[in-house]
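Scroll down for the structure; my scribbles are underneath it.
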Amino acid sequence: MSAPDAAQVEVTEETEQAGWDAVSDLPPSAKLVAKVLEYNGTLTQSQLAEETMLPPRTVRYALNRLEEVGVVHSRFSFSDARKRIYTLAFE
């Protein structure tokens, strides 16, 4: 495996900065959810509510706002199709 060249590292840093710039205009609950996702990787909505100690309704609102600005991606859980798994779109 080769090490990433300077151009790839620069693009990644620009993408990450653009992602956090989009989060800066969102409510505090959305910022908290984004930080928890950054720290933990992928989580379900109920896991996010537990980690952030926010009500499930607030977490749902925060995730919707984060998805609107393109900072969070979601997919269905393979172990339970009723749940969605959320991840940051940048890292």
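We're numbering straight along the sequence, starting at 1.
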**Asked** What is the distance from atom CG of L66 to atom NE2 of H73, rounded to the nearest 0.5 Å?
**Response** 11.5 Å
**Message:** Exactly one of T87, V59, L48, V33 should register a side chain to side chain contact (heavy atoms under 4.5 Å, CB included) with L43. Which one does?
**Reply:** L48
**Message:** Applying side chain to side chain contact (heavy atoms under 4.5 Å, CB included) to E38 and K35, what does each step give before you reach the verdict?
**Reply:** CA-CA 5 Å; E38 178 186 34; K35 273 298 189 185; 2.9 Å; yes
**Request:** Answer yes if the side chains of Y61 and R57 hold a donor-acceptor pair under 3.5 Å, and no otherwise.
**Result:** no
**Message:** Would you say I85 ends up clustered with V71 if hydrophobic residues are merged whenever their side chains have heavy atoms under 4.5 Å apart, either directly or through other cluster members?
**Reply:** no
**Complete:** In terms of heavy-atom contacts, L54 and S29 come closest through CD1-CB, 4.1 Å
**Item:** Shortest non-hydrogen contact from Y86 toward L37
**Value:** O-CD2, 3.4 Å
**Item:** For A62 against A30, the heavy-atom pair lying closest together
**Value:** CB-CA, 3.6 Å
**Item:** Atom CD of E67: over 12 foreign heavy atoms under 6.0 Å
**Value:** yes
**Nearest atoms (heavy-atom pairs only) where G70 meets A89** = O-CB, 3.5 Å
**Complete:** Rounding to 0.5 Å, atoms OG (S77) and CZ (R82) come to a distance of 10.0 Å
**Asked** For the atom pair OG (S46) and CZ (R84), what is the distance rounded to the nearest 0.5 Å?
**Response** 14.0 Å
**Message:** On a heavy-atom basis, which atom in R65 and which in L26 lie closest, and how many Å separate them?
**Reply:** NH2-CD2, 3.5 Å
